[in-house]
S.K.: 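Got a structure for you, written out below as structure tokens; questions coming shortly.
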Amino acid sequence: MADSLKESIREALVSCASEMGADPASLPDVLLERPKREDQGDWSTNVAMQLARSLKKNPRDVAAMLRDRIPDGKGIDRIEVAGPGFVNFFLTRSWMSDSVVTVLREGASYGRSDLGAGRRVQVEFVSANPTGPLHVGHGRGAAVGDIVARILEFSGHSVEREYYINDAGLQMSILGRSTQARYFELLGAAATAPFPEDGYKGAYIYDLAKDVITEKGESLLSMPLADSLPYFRQFAGDRILATIQTDLSDFGVRFDIWFSEKSLYVADDVPKTMAFLKERDYAFEQDGALWFKTTGFTDEKDRVLIRSNGVPTYFASDITYHKNKFDRGFSRVIDIWGADHHGYVPRMKAAVEALGRDPDDLSVLLIQFVNLLRDGTPVAMSTRSGEFVTLREVLDEVGVDATRYFFVMRRSDSHLDFDLELAKQQSNENPVYYIQYAHARIRSVLRETEARGVVLPDVESLLEYEFASEEEKRLIACLDEFPKEVEKASRELAPHVIASYAYSLAGAFHSFYNAHRILGEEEATMKSRLLLVRATGIVLGSALGLLGIAAPERM
RNA sequence: GCGCCCGUAGUUCAGUUGGAUAGAACGACGGACUUCGGAUCCGUAGGUCGCGGGUUCGACUCCUGCCGGGCGCGCCA
């Protein structure tokens with residue numbers, strides 16, 4: 001409906017513009033929106049005001065001219081000029097059954113689009129060092145990344161999900177030495193292997209050390225520390241990665257590729273990339289180090305790639321890794337980082353440009369911190385001391401669905417208050433259950449329909465029916481919005497758009513359900529409402545699917 | 001000191017090509033169907049959109065100065 005309306009407006013616009021001597025090529029895009037108020041029509045456009053600006057005409061005159069040139073019929077009841085120059089469209093009731101029929105015809109693919117035109121997109125997220133369990137902050141990144149990937153798939157992209165394992169740096173050695181020290185400590189030889197100053201103090205290190213004892217007994221006690229260290233490092237790293245993988249999988253987050261940083265060094269990719277940059281004059285030597293030349297890019301100063309002691313920086317690894325990504329043929333790469341890395345973005349963009357790509361081929365999504373609360377008071381967390389709330393603990397306490405929803409209910413780049421008690425509550429304070437309850441209710445009504453032997457009519461027969469109530473109208477308008485909301489979420493990489501959409505759809509349904517009976521109504525009304533209920537179930541199911549949250553049959 | 005983000009109802013937050021009377025949830029208060037699920041619904045109160053200037057027909061939105069909060073500014077990762 002909106003599309004054909006847009007076309008009519010477009011034609012009228014061209015006709016007006018040519019009469020007033022404007023260049024038809026420079027006309028504004030026709031933007032249709034649903035006004036907030038009933039008396040402002042079903043659809044509204046501000047193009048008249050847009051056009052008036054460039055023509056230096058009175059917006060209301062342009063609007064009136066536009067109104068007179070849009071043909072009646074085609075579902076339009078009347079057109080009004082309002083306010084400073086809005087053109088408001090009041091539709092005949094038929095648009096509602098049209099919309100419901102569209103949903104029912106398209107089913108689970110309603111809302112899908114080919115916005116991405118099948119382009120290959122990579123989403124890299126979480127990528128936490130395998131030096132400890134995932135904490136709450138990682139959880140938010142995991143939820144956002146996973147849902148962004150789902151949204152991109154739904155809007156026609158070919159998506160790969162990747163986890164970058166930082167297994168090459170100093171951190172892994174510290175992990176190994178920490179585990180080693182705890183091993184000796186547990187076996188009463190703490191003095192032999194003192195705990196490193198910058199070591200990982202979390203209790204999980206003791207668990208790892210116990211596991212080593214189970215595997216190896218006391219056999220590592222007599223070995224020189226330097227000789228057993230590689231074992232500890234490998235063992236601890238592997239175990240922790242396995243834990244991370246289990247946690248993510250239990251959180252409903254799946255990865256296609258687990259990419260090891262180490263593999264970049266095994267294949268000599270880092271030196272090759274450095275040579276690549278040098279050849280193109282983007283890198284130079286100074287003070288015994290190799291530097292990335294920022295001149296000409298948006299970053300503020302030159303950065304070290306290879307230290308004077310010959311050890312590459314994290315930045316060098318990262319450039320190499322991103323070159324590797326683009327070499328794999330992705331047309332777009334999305335990185336999801338903690339917001340504390342925001343200063344790193346210009347540098348990485350500059351690097352991408354030096355690699356010969358458009359800097360916009362890389363999108364970085366910054367995830368703000370999670371402020372964990374219990375009954376309104378902050379839960380103390382400190383990574384350094386090893387006291388932090390893990391993702392696992394939150395999942396065990398509040399469950400997957402509520403955790404996912406809470407992580408994406410706000411914009412990713414704003415701080416998030418996560419109240420554990422609230423998330424657990426199965427009450428009206430909790431939006432997750434509100435949404436799921438709507439779905440369960442829908443399934444329940446449809447089960448009851450079947451039990452009473454009511455046969456749903458053909459979808460097409462709905463076109464003869466006119467929905468009349470405010471609640472039906474609001475619900476259908478909401479169903480109608482879904483494709484646009486998906487598009488917006490996809491364009492802006494914004495999962496919270498879907499989260500709040502699901503909430504309003506559930507709300508529109510609850511209002512409808514409360515105001516009207518379905519079963520037992522006069523036949524045409526009953527069957528039309530049943531089809532509406534079914535359509536709502538489809539869209540609500542899709543929205544929940546995008547969020548990776550269960551759409552329950554009953555609760 | 002420089003840079004990025006943020007400041008909207010008591011609280012937590014929506015609000016992007018600048019548009020109509022700034023929205024929602026929670027909390028508070030008052031109500032609802034003897035039937036399909038009350039984990040629901042309906043209503044009321046609650047705002048100088050941090051403050052001051054500017055741009056214009058029109059600013060929560062754009063520009064600018066200040067105030068307040070977060071984060072970042074390494075041959076760390």
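Naming convention: chains lettered A, B, ... in sequence-line order (proteins, then strands); numbering from 1 in each chain. These figures come from a predicted structure and were not determined experimentally.
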S.K.: Between A/E124 and A/K325, is a salt bridge (charged side-chain N to carboxylate O under 4.0 Å, His left out) present by the stated rule, with each step listed?
M.R.: CA-CA 10 Å; A/E124 182 226 315; A/K325 292 187 184 192; 2.7 Å; yes

S.K.: At under 4.0 Å between heavy atoms, which parts of nucleotides 7-17 of chain B does protein reach? Answer with one letter per nucleotide, 5' to 3': B base, S sugar-phosphate only, - none.
M.R.: -----BSSS-B

S.K.: Rounding to the closest angstrom, what is the interatomic distance between B/rU48 and B/rA9 at atom C1'?
M.R.: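 To the nearest whole Å, 13 Å.
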
S.K.: Assign each of A/P35 and A/T313 to its nearest nucleotide of RNA chain B by heavy atoms, then name whichever residue's nucleotide is nearer the 5' end.
M.R.: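 Its nearest nucleotide being more 5', the pick is A/P35.
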
S.K.: When the distance from CD of A/E471 to C1' of B/rU40 is rounded to whole Å, what number comes out?
M.R.: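 One finds 14 Å between C1' of B/rU40 and CD of A/E471, rounded.
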
S.K.: With distance as the sole criterion, is a donor-acceptor pair present between the side chains of A/T179 and A/Y200 under 3.5 Å?
M.R.: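 No - no donor-acceptor pair under 3.5 Å links their side chains.
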
S.K.: Rounded to whole Å, how long is the line connecting atom CG of A/D340 with atom P of B/rG72?
M.R.: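 To the nearest whole Å, that distance equals 6 Å.
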
S.K.: So do A/Y344 and A/V364 actually touch side chain to side chain, heavy atoms under 4.5 Å?
M.R.: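 Counting from C-beta outward, A/V364 and A/Y344 never come under 4.5 Å.
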
S.K.: Distance check needed: B/rA39 P versus A/E553 CD, whole Å only.
M.R.: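 Going from A/E553 (CD) to B/rA39 (P), I get 18 Å.
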
S.K.: Could you work out the separation of B/rG54 and B/rG47 based on their C1' atoms and round it to a whole Å?
M.R.: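 After rounding to an integer number of Å, I get 24 Å for this pair.
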
S.K.: For A/K349, which residues count as a side-chain contact (heavy atoms from CB on, under 4.5 Å) partner, sequence neighbours excluded?
M.R.: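 Partners of A/K349 by the side-chain contact (heavy atoms from CB on, under 4.5 Å) criterion, ordered by chain and then number, come out as A/V345, A/P359, A/D360.
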
S.K.: For A/Q40, answer base if it contacts any base atom (sugar-phosphate contacts may also be present), sugar-phosphate if it contacts only those atoms, and nothing otherwise; contact means non-hydrogen atoms under 4.0 Å.
M.R.: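 Since a base atom lies under 4.0 Å of A/Q40, the category is base.
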
S.K.: Just N and O in the side chain of A/Y437: are any of them under 4.0 Å from OP1 or OP2 of B/rA39?
M.R.: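 Affirmative; the distance criterion is met.
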
S.K.: Do A/H496 and A/V408 have side chains that get closer than 4.5 Å, going by heavy atoms?
M.R.: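 Not in contact.
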
S.K.: Would you indicate what A/A440 reaches in the nucleic acid, counting non-hydrogen atoms under 4.0 angstrom: base, sugar-phosphate, or nothing?
M.R.: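 Touches a base.
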
S.K.: Regarding B/rA77, can its base be found pairing with the side chain of A/D198 as donor and acceptor, where the two atoms are less than 3.5 Å apart?
M.R.: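 Counting by modelled atom types and ignoring angles, no donor-acceptor contact under 3.5 Å is found here.
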
S.K.: Without decimals, in angstroms, what is the distance between A/N371 CG and B/rC71 P?
M.R.: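 Those two atoms, CG and P, are 11 Å apart.
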
S.K.: Please pick, from B/rA39, B/rA77, B/rU40, the nucleotide with the shortest atom-to-atom distance to any side-chain atom of A/H510.
M.R.: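 Given the options B/rA39, B/rA77, B/rU40, the side chain of A/H510 is closest to B/rU40.
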
S.K.: Spell out yes or no: do the side chain of A/H342 and the base of B/rG3 have one donor N/O and one acceptor N/O closer than 3.5 Å?
M.R.: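 Per atom types, the contact qualifies.
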
S.K.: Tell me the interatomic distance from A/F512, atom CZ, to B/rG37, atom P, rounded to whole angstroms.
M.R.: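 In whole Å, B/rG37 P and A/F512 CZ are 14 Å from each other.
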
S.K.: Just to confirm, is there a sub-4.0 Å distance from OP1 or OP2 of B/rC76 to any side-chain nitrogen or oxygen of A/R307?
M.R.: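 So the side-chain polar atoms of A/R307 do come within 4.0 Å of the phosphate oxygens OP1 or OP2 of B/rC76, strictly under.
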
S.K.: Without hydrogens or angle criteria, can the side chains of A/E261 and A/S317 be said to hold a donor-acceptor pair below 3.5 Å?
M.R.: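 Distance-only check passes for A/E261 and A/S317.
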
S.K.: Quick one: which of B/rC75, B/rG37, B/rU40 gets closest to the side chain of A/S444?
M.R.: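 My answer, after comparing the listed nucleotides, is B/rG37.
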
S.K.: Would you say A/Q436 and A/Y405 are linked by a side-chain donor-acceptor pair, where the criterion is simply a distance under 3.5 Å?
M.R.: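 Their side chains do not contain a donor-acceptor pair, so the 3.5 Å distance test is not met.
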
S.K.: Side chain of A/Y314, heavy atoms from C-beta onward: which of B/rA77, B/rA20, B/rA25 has the nearest atom to it?
M.R.: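 For the A/Y314 side chain, the nearest candidate turns out to be B/rA77.
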
S.K.: Does any donor atom in the side chain of A/R233 or A/S173 lie under 3.5 Å from an acceptor atom in the other side chain?
M.R.: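 Yes, side-chain donor-acceptor contact under 3.5 Å.
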
S.K.: Does a salt bridge link A/K424 with A/E421, judged by any charged N lying under 4.0 Å from a carboxylate O?
M.R.: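 Yes.
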
S.K.: Which whole-number value in Å describes the distance from A/Y503 OH to B/rG23 P?
M.R.: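 Nearest whole value for this atom pair: 18 Å.
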
S.K.: Test the A/R78-A/F90 pair against the cation-pi criterion, namely NZ or CZ under 6.0 angstrom from the six-membered ring centroid and within 45° of the ring axis.
M.R.: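 Pair A/R78/A/F90 counts as cation-pi.
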
S.K.: Aromatic contact between A/Y513 and A/F509, with the criterion being ring centroids under 6.0 Å apart: yes or no?
M.R.: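 Judged by ring-centre distance (under 6.0 Å), A/Y513 and A/F509 do meet the cut-off.
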
S.K.: Given the C1' atoms of B/rU55 and B/rU61, what is the spacing between them in whole Å?
M.R.: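 My reading of the C1' atoms in B/rU55 and B/rU61 gives 13 Å.
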
S.K.: Any base atoms under 4.0 Å from A/A438, or only sugar-phosphate, or nothing? Heavy atoms, all strands.
M.R.: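 A/A438: no heavy atom of the nucleic acid under 4.0 Å.
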
S.K.: Would you say A/S511 reaches B/rC42's phosphate, i.e. side-chain N/O to OP1/OP2 under 4.0 Å?
M.R.: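 For A/S511, the contact criterion (side-chain N or O under 4.0 Å from OP1 or OP2 of B/rC42) is met.
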
S.K.: Has the side chain of A/S504 got a donor or acceptor atom sitting under 3.5 Å from an opposite partner on the base of B/rA24?
M.R.: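 For A/S504, whose side chain was compared with the base of B/rA24, there is no donor-acceptor pair (under 3.5 Å).
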
S.K.: Rounded to whole angstrom units, what separation is found between the CG atom of A/D318 and the P atom of B/rG74?
M.R.: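 Atom-to-atom, A/D318 to B/rG74, this comes out as 17 Å.
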
S.K.: Just compare B/rA32, B/rC75, B/rC36 and give me whichever is closest to any side-chain atom of A/R452.
M.R.: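 Taking heavy atoms from C-beta onward, the closest nucleotide is B/rC36.
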
S.K.: Contact class for A/N88 (heavy atom, under 4.0 Å): base, sugar-phosphate, or nothing?
M.R.: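 Result for A/N88 = base.
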
S.K.: Tell me which of A/G520 and A/V311 sits closer to the 5' end of RNA chain B, going by the nucleotide each one is nearest to.
M.R.: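 Nearest nucleotide further toward 5': that of A/G520.
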
S.K.: Measuring to OP1 and OP2 of B/rC41, would you say a side-chain N or O of A/Y434 lies under 4.0 angstrom away?
M.R.: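 For A/Y434, the contact criterion (side-chain N or O under 4.0 Å from OP1 or OP2 of B/rC41) is met.
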
S.K.: Return the value, rounded to whole Å, for the distance between atom CD of A/E448 and atom P of B/rU35.
M.R.: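 A/E448 atom CD is separated from B/rU35 atom P by 13 Å.
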
S.K.: Can you confirm whether more than 12 heavy atoms, excluding those of A/E523, are under 6.0 Å from its CD atom?
M.R.: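 Count not over threshold, so no.
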
S.K.: Mind checking if A/H516 touches a base, just sugar-phosphate, or nothing, with heavy atoms under 4.0 Å?
M.R.: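 Base contact - A/H516 has a heavy atom under 4.0 Å of at least one base atom.
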
S.K.: So what does A/D287 touch, heavy atoms closer than 4.0 Å: a base, only the sugar-phosphate, or nothing?
M.R.: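 Result for A/D287 = base.
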
S.K.: Could you summarise the pairing of RNA chain B as dot-bracket text, marking Watson-Crick and G-U pairs under 3.5 Å with ( ) or [ ] inside the strand and | across strands?
M.R.: (((((((..((((.....[...)))).(((((.......))))).....(((((..]....))))))))))))....

